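Here is the structure we will look at.
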Amino acid sequence: TQVNAGTLIAANATALGGTATGTTVASGATLRVSNAAIGNENVTISGNGVSNAGALTGAGTASLAGNVTLAAASRIGTTNAASSLTLGGTVNGAFALTPVGAGTVALNGVVGGTTPLASLSQGATVPLRIGTNSVTTTGAQAYVGPLTLASDVTLRSTANGAITLANVTGAGFDINAMTGGATTLNNLSGVDAVTTDAPGSVTLNGNVLASTVTIGEAAPSVCGQVGN
């Protein structure tokens, strides 16, 4: 399926037809999954979508089990706060990914495992749920909105990009931040273990509430409560 312009609404599990060739969303167009669970359909996306709402969006309870490939810097998101978009497959592509919208975006497959993303930037009002054990970028990862962990996860920047974590609910899971650049931890709660690696620098602002906090960097900057 080719989505070259406008918004294509997929409102049932087979709306995109057979899965052999996948679906491609051109820059400026949007694929909206509406109250449907799409199976193993691989989707390639580009751009910000119609009205910058996302090249791939969810309305109601929406999910995609197939893999997502970024062919350019792209946005994904939801149509409103009552909606959710769950990606069950992998996400790859050497471009920036930006979750947008007011509803929850869930990343349940490995992100950047084959081809690291250029960056991943969550907006301050975008609820994000990470249910994978690995997110890899070459550049920065900025989690500045509500972030809920649904799995132990390692966040890795291969080219010393900054990793910023704010407003994280751990739900008893571990989080590892691995970069030779700057790591910022701000207002983490309910995390079992927080670990950062030795290169780079780390700043702890606000409370970092976890059963175990392991800081690999020398001389961290600390402002707030650390540990439970």
Side-chain angles (χ1 to χ4, degrees), residues 1-93 95-112 117 120-133 135 143 145-151 153 167 169 171 173:
T1 303
Q2 299 284 330
V3 187
N4 293 322
T7 299
L8 174 64
I9 298 175
N12 64 69
T14 59
L16 299 176
T19 61
T21 58
T23 292
T24 299
V25 182
S27 182
T30 293
L31 170 62
R32 181 187 300 166
V33 181
S34 181
N35 275 312
I38 304 296
N40 293 318
E41 177 85 11
N42 294 332
V43 176
T44 299
I45 61 174
S46 300
N48 295 336
V50 175
S51 301
N52 295 319
L56 174 62
T57 64
T61 301
S63 64
L64 173 69
N67 300 326
V68 174
T69 299
L70 308 183
S74 300
R75 290 184 174 188
I76 60 173
T78 58
T79 56
N80 53 56
S83 296
S84 63
L85 175 65
T86 299
L87 301 183
T90 62
V91 180
N92 285 288
F95 300 97
L97 178 65
T98 304
V100 296
T104 298
V105 174
L107 304 175
N108 288 346
V110 172
V111 176
L117 277 55
L120 196 159
S121 301
Q122 172 199 17
T125 61
V126 182
L128 185 64
R129 180 179 180 272
I130 293 182
T132 177
N133 62 6
V135 178
Y143 305 95
L147 171 62
T148 301
L149 301 184
S151 171
V153 64
N167 196 14
T169 301
F173 292 103

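Residue numbers start at 1 and run along the sequence shown. Computed from a predicted model, the values in this text were never measured in an experiment.
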**Message:** Has Thr1 got a side-chain atom pairing as donor or acceptor with Leu16's backbone, closer than 3.5 angstrom?
**Reply:** yes
**Request:** Please examine the side chains of Val110 and Asn133, heavy atoms only from C-beta on, and report whether any two atoms are closer than 4.5 Å.
**Result:** yes
**Request:** Could you point out which residue of Thr86, Leu87, Thr132 forms a side-chain contact (heavy atoms from CB on, under 4.5 Å) with Asn108?
**Result:** Thr86
**Prompt:** Are the side chain of Asn67 and the backbone N or O of Asn42 linked by a donor-acceptor pair below 3.5 Å?
**Reply:** no
**Asked** Do Asn52 and Val100 have side chains that get closer than 4.5 Å, going by heavy atoms?
**Response** no
**Request:** Kindly give the heavy-atom pair with the smallest separation between Ser27 and Gly47, and that separation in Å.
**Result:** OG-CA, 4.0 Å
**Asked** In a check of side-chain contact (heavy atoms from CB on, under 4.5 Å) between Thr44 and each of Thr23, Thr69, Val68, which one passes?
**Response** Thr69
**Complete:** Separation between OG1 (Thr104) and CG (Leu85), nearest 0.5 Å, reads 10.0 Å
**Message:** Which heavy atom of Ala36 sits nearest to which heavy atom of Ala11, and what is that distance?
**Reply:** CB-C, 3.8 Å
**Message:** Once rounded to the nearest 0.5 Å, what's the spacing between atom OG1 of Thr24 and atom CD of Gln2?
**Reply:** 4.5 Å
**Complete:** In this structure, CG of Leu107 is separated from OG1 of Thr90 (nearest 0.5 Å) by 11.5 Å
**Message:** Under the criterion side-chain contact (heavy atoms from CB on, under 4.5 Å), I'd like the reasoning laid out for Tyr143 against Ile130: C-alpha separation, chi angles, the key distance, then a yes or no.
**Reply:** CA-CA 11 Å; Tyr143 305 95; Ile130 293 182; 3.9 Å; yes
**Request:** With rounding to the nearest 0.5 Å, note down the distance linking CG in Asn35 to OG in Ser63.
**Result:** 10.5 Å
**Request:** Mind listing the closest non-hydrogen atom pair of Ser121 and Pro99 along with its distance?
**Result:** O-CD, 3.1 Å
**Prompt:** Atom CG in Asn92, atom CG in Leu117: separation rounded to 0.5 Å?
**Reply:** 7.0 Å
**Fill in**
Here the gap from Arg32 atom CZ to Thr57 atom OG1, rounded to the nearest 0.5 Å, amounts to 5.0 Å
**Asked** What is the minimum heavy-atom distance between Gly58 and Ser83, and which atoms define it?
**Response** O-CB, 3.7 Å
**Atom of Pro146, atom of Ala124 and distance for their closest heavy-atom approach** = CD-O, 3.6 Å
**Request:** Mind listing the closest non-hydrogen atom pair of Val126 and Gly101 along with its distance?
**Result:** CG2-O, 3.4 Å
**Request:** Would you check, one step at a time, whether the test side-chain contact (heavy atoms from CB on, under 4.5 Å) holds for Ile76 with Leu97?
**Result:** CA-CA 8 Å; Ile76 60 173; Leu97 178 65; 4.0 Å; yes
**Message:** Under a 3.5 Å distance rule, please check whether Glu41 uses its side chain to pair with a backbone N or O of Ala13 as donor and acceptor.
**Reply:** no
**Item:** Leu56: which of Thr30, Leu64, Val25 passes side-chain contact (heavy atoms from CB on, under 4.5 Å)
**Value:** Leu64
